[in-house]
Amino acid sequence: GAVVSQHPSWVICKSGTSVKIECRSLDFQATTMFWYRQFPKQSLMLMATSNEGSKATYEQGVEKDKFLINHASLTLSTLTVTSAHPEDSSFYICSARDTVGANEQFFGPGTRLTVL
Amino acid sequence: QKEVEQNSGPLSVPEGAIASLNCTYSDRVSQSFFWYRQYSGKSPELIMSIYSNGDKEDGRFTAQLNKASQYVSLLIRDSQPSDSATYLCAGNNYGQNFVFGPGTRLSVLP
């Protein structure tokens with residue numbers, strides 16, 4: 001149980017385009033999902049917390065107009081990187097919190113974004 | 001003080017030895033703790049959670065929590081080369097978010 005999927009697993013795009021990443025909890029309902037970014041050899045950085053049916057809460061320094069988050073259902077959250085630039089190239093990972101269970105976070109497999 | 005601190009390593013142990021990974025936390029972190037393993041290029045995988053003072057064992061892994069010292073550790077017995085990874089310690093920050101330490105890189109030498 002507690003499986004989280006992400007799609008796509010990797011994406012290459014041109015500078016200035018937008019990219020959407022999907023995060024799904026497959027076997028549990030997740031009222032809260034989290035979006036992280038990780039640069040090579042660095043730790044996870046929380047970007048935003050996404051609650052189903054409400055606006056996401058962004059961490060300090062994360063541009064909400066650039067990283068659009070939608071959490072329309074209990075099993076799906078999306079992150080859209082708008083007008084992507086090479087400095088946005090990173091490993092984007094979502095996680096979902098099983099509020100019914102033991103309060104743990106389960107991570108998706110991640111999406112590697114490369115902006116040319 | 002950072003909320004969750006870890007020695008970045010690398011920590012090198014021979015195959016078959018016990019690997020000991022340590023984590024300290026500040027008052028801003030509540031007392032629910034989690035250990036994740038992250039292989040290079042992959043996302044973190046939950047290994048253990050611990051909520052109460054003392055030890056919790058699961059197979060070759062033992063998590064230890066000492067609330068008085070604000071210290072949580074992970075012991076890996078009979079370390080294998082496949083255990084080589086970065087181990088992340090995380091705690092709740094009294095809300096719904098996790099606070100992650102920077103991770104300790106473990107290398108198990110055959």
Side-chain angles (χ1 to χ4, degrees), chain A residues 1-10 21 23 28 30-52 54 56-60 62 71 77 90-114, chain B residues 2-11 21 23-25 28-52 56 58 61 63 65 72 74 84-107:
Chain A
V3 179
V4 177
S5 71
Q6 263 184 261
H7 178 81
S9 55
W10 59 270
I21 302 170
C23 177
F28 66 100
T31 53
T32 305
M33 290 184 172
F34 304 87
W35 287 96
Y36 295 86
R37 181 168 53 183
Q38 188 174 37
F39 292 105
K41 298 192 185 300
Q42 295 188 23
S43 188
L44 291 170
M45 186 194 83
L46 178 65
M47 298 175 68
T49 301
S50 167
N51 289 299
E52 185 264 338
S54 62
T57 302
Y58 290 81
E59 295 299 300
Q60 192 172 11
V62 178
H71 192 159
S77 177
S90 187
F91 191 41
Y92 291 85
I93 313 172
C94 74
S95 71
R97 182 166 169 253
D98 182 358
T99 54
V100 175
N103 201 34
E104 294 147 341
Q105 280 191 32
F106 299 95
F107 285 86
T111 297
R112 191 160 301 283
L113 170 63
T114 301
Chain B
K2 292 182 180 177
E3 291 174 295
V4 177
E5 298 197 56
Q6 293 180 257
N7 188 321
S8 62
L11 171 66
L21 303 160
C23 174
T24 57
Y25 60 92
R28 295 192 296 274
V29 179
S30 68
Q31 297 182 350
S32 303
F33 295 93
F34 309 85
W35 281 100
Y36 288 83
R37 176 176 62 197
Q38 186 176 24
Y39 292 111
S40 181
K42 303 293 185 181
S43 69
E45 170 192 11
L46 180 66
I47 300 175
M48 297 274 290
S49 58
I50 186 165
Y51 304 97
S52 304
K56 179 181 177 182
D58 183 0
F61 299 99
L65 175 59
V72 59
L74 179 70
S84 298
T86 296
Y87 289 81
L88 302 169
C89 170
N92 273 114
N93 67 350
Y94 287 103
Q96 58 186 353
N97 294 355
F98 277 22
V99 178
F100 284 87
T104 297
R105 198 152 48 90
L106 172 67
S107 179

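Chain letters run A, B, ... following the sequence lines, proteins first, then strands; residues in each count from 1.
Contacts between A/Gln38 and chain B at a heavy-atom distance below 4.5 Å involve the side chain alone, from C-beta outward. There is no contact between B/Glu45 and chain A, counting heavy-atom distances below 4.5 Å.
Smallest separation of non-hydrogen atoms from A/Glu104 and B/Ser49: OE2-OG, 3.0 Å.
Scanning for salt bridge (charged side-chain N to carboxylate O under 4.0 Å, His left out) contacts around A/Glu52 gives an empty result, with sequence neighbours left out.
Between the CG atom of A/Leu44 and the CZ atom of B/Phe98 there is a distance of 11.5 Å, given to the nearest 0.5 Å.
Sorted by first and then second residue, the salt bridge (charged side-chain N to carboxylate O under 4.0 Å, His left out) pairs involving residues 36-49 of chain A (not counting sequence neighbours) form an empty list.
Side-chain N or O atoms of A/Ser43 include one that pairs as donor or acceptor with a backbone N or O of B/Gly101 at under 3.5 Å. Between the side chain of B/Ser43 and the backbone N or O of A/Gly108 there is at least one donor-acceptor pair closer than 3.5 Å.
Between B/Tyr36 and A/Phe107, the ring planes are perpendicular. Angles over 60° get that label, and only those under 30° would be called parallel.
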* Asked: Please walk me through it: do A/Ile93 and B/Gln38 pass side-chain contact (heavy atoms from CB on, under 4.5 Å)?
  -> CA-CA 12 Å; A/Ile93 313 172; B/Gln38 186 176 24; 4.2 Å; yes

